[in-house]
Number of protein chains: 4
Amino acid sequence: MEHQPESEAQVRPPGRPRDEAARERIRDAALQLLEEVGFANVTCDAIAQRSGTSKATIYRWWPNKAAVLIDAFVESVTPELPLRDPTTLEDYVTVHLRQFARVVAGRKGRLLAAVIAAAQNDPEVEAAFLSHWIKPRRALSRQAFQKLKDRGLMPENLDIEQVLDAMYGPLHFLLMVRHGKPTPAYAESLAALLLHGLAPRHGDAAGGR
Amino acid sequence: MEHQPESEAQVRPPGRPRDEAARERIRDAALQLLEEVGFANVTCDAIAQRSGTSKATIYRWWPNKAAVLIDAFVESVTPELPLRDPTTLEDYVTVHLRQFARVVAGRKGRLLAAVIAAAQNDPEVEAAFLSHWIKPRRALSRQAFQKLKDRGLMPENLDIEQVLDAMYGPLHFLLMVRHGKPTPAYAESLAALLLHGLAPRHGDAAGGR
Amino acid sequence: MEHQPESEAQVRPPGRPRDEAARERIRDAALQLLEEVGFANVTCDAIAQRSGTSKATIYRWWPNKAAVLIDAFVESVTPELPLRDPTTLEDYVTVHLRQFARVVAGRKGRLLAAVIAAAQNDPEVEAAFLSHWIKPRRALSRQAFQKLKDRGLMPENLDIEQVLDAMYGPLHFLLMVRHGKPTPAYAESLAALLLHGLAPRHGDAAGGR
Amino acid sequence: MEHQPESEAQVRPPGRPRDEAARERIRDAALQLLEEVGFANVTCDAIAQRSGTSKATIYRWWPNKAAVLIDAFVESVTPELPLRDPTTLEDYVTVHLRQFARVVAGRKGRLLAAVIAAAQNDPEVEAAFLSHWIKPRRALSRQAFQKLKDRGLMPENLDIEQVLDAMYGPLHFLLMVRHGKPTPAYAESLAALLLHGLAPRHGDAAGGR
DNA sequence: ATCTAATCGAGACGGTACGTCGAGTCTTCCC
DNA sequence: GGGAAGACTCGACGTACCGTCTCGATTAGAT
């Protein structure tokens, strides 16, 4: 009897396999509609029609409308925010703030705002947004900061969660309230502010740093 | 026909005068329901029933459901955030962050989140929110920071607008995304973070400050 | 103070009154569609559209699709089957069989068949059909036969329920199975058969009566 | 190459042969489910699951859900209604009504009702039902009545077709409308009613026969 | 011993109707 | 004319079933 290579394994389950193309078309349609009519006005019927699928297929793979839109959003925004290995604290903070400011200023920023807004009115959106976007992104960022700590490039006593809030909070504020523009210059000077603090340094003159 | 004294400014229009008590009961009912069942599950029928009024009355005075809650917000949240004269930078930042964290954690925080969410889909809400809430509040805060600068208690080169974002952004982030709790301790340690910055101080050991 | 005529009474309840015209339009649309596409293919959306109303209104007044169609059917067929006061047994049986045969042969007969067919597949249809059509009709017919008994024009020992089955069963059989035509002649000779029975009469020759 | 005896009529086609056991299991499952949940609530998925087959197999051999149940009906109901040679008119009518009442009251009755219902919306079902069930059964019954006429045990002038309607119509009525129970007693008294007629006999008192 | 072809199980798919729910409007009577 | 009551239109929701399809696995006769 021959050797059965069970290594590569993952035997296909019986039955017709899931149509990945349809899955993709649904996400694309959701994303298009999200941009065109806004979160609240996207309907599942419209997604089904636009994607050439059916509501049944949508509801087979996503528990509700919100999940589809969040999924589409995550799939679309993730590649725009690559998480790189940190070299120094200054570099890491500056680069990521600049990156995120670019997203906030653009089309994807409006999507993010729409999703966060929708989360205020719908526990299902909130749950999906937290578990599919916020939590995984923060987990990765946390690891980066932990590496910096491990290398002695960042004070041990800082609460990383709070550092993340201090980094991303101001840009989310700008995103949702729109009282100013998230330019690259804004991102850079925000990074400087966070890195060095508000208070005058020891031995500094009041006006210098 | 008698002389109608038009001196008293606006002549009373004919017909039954508006029932101000009903208006108030509607606002109260909206706030109660918001706490009990959350924004999404507040229905206009429920507000009408709770307030002992009718949907017709609600829609006569507010254009839609969101407007009712926004109105309630504006009427109720303003007095909770007094702006005091600054003594030191540390004190000012710490006190106001604690104050705002308390609001974010409470009922009024949910209202604020709802208003910001509504602003994402409605330019009128956005404009009203900016002009009636954000701008006046920030103007007052700006004056306070300017006083600190004038007294040499704050570095001259800091952009006050950005300082305000750095202060209030993280708490708004927490308010909208709810990935953590805005406790008083959180507010205080956030204040410390902002005041002293992320980067290790000159001559500091990596782990200390 | 004037006399308040409380006699005519039935004070109108508060609120907007039910739109009887819409009710009627719904019934008409249901009836039209029933004829056009058959019981199973009538949809509530179609009824709503055809009648210029909405599904919500339909479901406010009828518990489900079947009830609408039964209601429409009853409203439409009842006037075609007037129940008259009996003069003699022979007359009553003959007249009503002729009358019902005419319905069975016509458009309304197809409706009746569709409703009975639908009742086989749906307990809700069955219940609605029994309570809105069969039971009231049989109650009225029963009264007529009871009058005949009271006047000595019909044997006391006959079970009226069974007499009704014997009268209306054969025509329903013809309606559903369509192995023959319910002509007036058929109705008359059926009446004779029922009145005089199959068995040869005492003293009759086998072939005569 | 060997000689293939084509005498045995149909040559076996290539490929896997039809699984007759599966066919039988599908029919059985359909009958079981019909009893358990009623016609409307039998789903093809349920039949497939219960029978350990798949929907594909069902739809390979039957055009739709109704056809499965009709098929099961034809296979299972025929042997339950033996047609015996008549001795007297009274005996023949009474025995066959009792026999048919038993069928109407039972599981096979529900099947018959379902088939008749399906025939209302499907000319093919109607044709199949008439040619495979109604016509052959009636032909046999007609012969029996003709024998009775030939022996002088039944009036010559009766229309045998109508006699069959009068016999089987009421029980079909009960079968489809279910406003009463087809008990043996019901069958017997129906036979008496048909044999002797409704009208009081010559010289009878009104209340007697 | 393969090769070919049809059947089988499983289950995903497009489609369509269901019955429900909320938003916002309209209609009536009462004050 | 304003207010309570409540019926109305509109349109989306999420569910269920139908009948079709696409897989891999199975089962034979044909080669």
Side-chain angles (χ1 to χ4, degrees), chain A residues 11-19 22-23 40-46 48-49 51-65, chain B residues 13-19 22 40-46 48-49 51-66, chain C residues 11-20 22-23 40-46 48-49 52-65, chain D residues 1 4 11-19 21-22 40-46 48-49 51-65:
Chain A
V11 259
R12 243 249 265 107
R16 178 174 177 173
R18 173 187 305 183
D19 183 345
R23 218 176 148 76
N41 298 320
V42 176
T43 72
C44 285
D45 288 275
Q49 190 176 345
S51 63
T53 65
S54 70
K55 269 205 298 182
T57 301
I58 295 174
Y59 282 103
R60 191 191 314 281
W61 301 115
W62 291 273
N64 50 53
K65 182 179 77 166
Chain B
R16 179 172 173 173
R18 171 189 303 183
D19 182 347
N41 299 320
V42 176
T43 69
C44 287
D45 290 273
Q49 190 176 345
S51 64
T53 65
S54 72
K55 274 204 295 180
T57 304
I58 296 175
Y59 282 101
R60 187 188 314 277
W61 301 116
W62 290 274
N64 53 48
K65 184 176 82 167
Chain C
V11 260
R12 250 253 258 110
R16 177 173 176 173
R18 172 186 304 182
D19 184 346
E20 286 299 338
R23 218 176 149 78
N41 299 320
V42 176
T43 71
C44 286
D45 289 273
Q49 191 176 344
T53 65
S54 71
K55 268 205 298 181
T57 301
I58 295 175
Y59 282 103
R60 190 193 312 282
W61 301 115
W62 290 273
N64 50 53
K65 181 179 78 164
Chain D
M1 188 179 281
Q4 276 292 102
V11 223
R12 173 96 110 54
R16 179 172 174 174
R18 170 188 303 184
D19 182 348
N41 300 320
V42 176
T43 70
C44 287
D45 290 272
Q49 190 177 345
S51 63
T53 65
S54 72
K55 274 204 296 180
T57 304
I58 295 175
Y59 281 100
R60 188 186 314 278
W61 302 116
W62 289 274
N64 52 50
K65 184 177 81 167

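Just so it is clear, the model here is predicted, and its values are computed rather than measured. Because only heavy atoms are used, hydrogens play no part in the values below, and waters and symmetry mates are left out as well, while side chains stay in. Order of the sequence lines sets the chain letters (A, B, ...), proteins ahead of strands, with each chain counted from 1.
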K.L.:
Can a side chain N or O of B:Trp61 be found less than 4.0 Å away from OP1 or OP2 on E:dG24?
P.N.:
no

K.L.:
Testing the basics here: between B:Ala48 and B:Ile58, what is the closest heavy-atom pair and its distance to 0.1 Å?
P.N.:
N-CD1, 3.8 Å

K.L.:
Roughly how far, to the nearest 0.5 Å, is CG of B:Asn64 from SG of B:Cys44?
P.N.:
8.0 Å

K.L.:
Starting at CG of D:Asp19 and ending at P of E:dC8, how long is that distance when rounded to a whole Å?
P.N.:
6 Å

K.L.:
When the nearest nucleotide of DNA chain E is assigned to C:Lys65 and to D:Ala22 on a heavy-atom basis, which residue is associated with the more 5' position?
P.N.:
D:Ala22

K.L.:
So, is B:Trp62 near the phosphate of E:dA23, with a side-chain N or O under 4.0 Å from OP1 or OP2?
P.N.:
no

K.L.:
Whole Å only: how far is the CG atom of B:Asn41 from the C1' atom of E:dT20?
P.N.:
15 Å

K.L.:
Polar atoms only, N or O, under 3.5 Å: list the protein pairs with nucleotides 3-5 of chain E and their distances.
P.N.:
none

K.L.:
Starting at the 5' end of DNA chain E and moving along, which residue's nearest nucleotide shows up first, B:Asn64 or A:Arg18?
P.N.:
A:Arg18

K.L.:
Quick one: side chain to side chain donor-acceptor pair (under 3.5 Å) partners of A:Asp45, sequence neighbours excluded?
P.N.:
none

K.L.:
Calculate the interatomic distance between D:Asp45 atom CG and E:dC13 atom P; express it in whole Å.
P.N.:
15 Å

K.L.:
Which whole-number value in Å describes the distance from C:Arg60 CZ to F:dT9 C1'?
P.N.:
10 Å

K.L.:
Can you tell me how far apart OG1 (C:Thr57) and CZ (C:Arg18) are? Round to the nearest 0.5 Å.
P.N.:
11.0 Å

K.L.:
Can you list, by residue number, the residues of residues 52-59 of chain C that have a non-hydrogen atom closer than 4.0 angstrom to DNA chain F?
P.N.:
C:Gly52, C:Thr53, C:Ser54, C:Ala56, C:Thr57

K.L.:
How many Å lie between CZ on A:Arg23 and C1' on E:dG14, as a whole number?
P.N.:
18 Å

K.L.:
Quick one: pull up CG in A:Asp19 and CZ in A:Arg60 and give me the separation to the nearest 0.5 Å.
P.N.:
11.0 Å

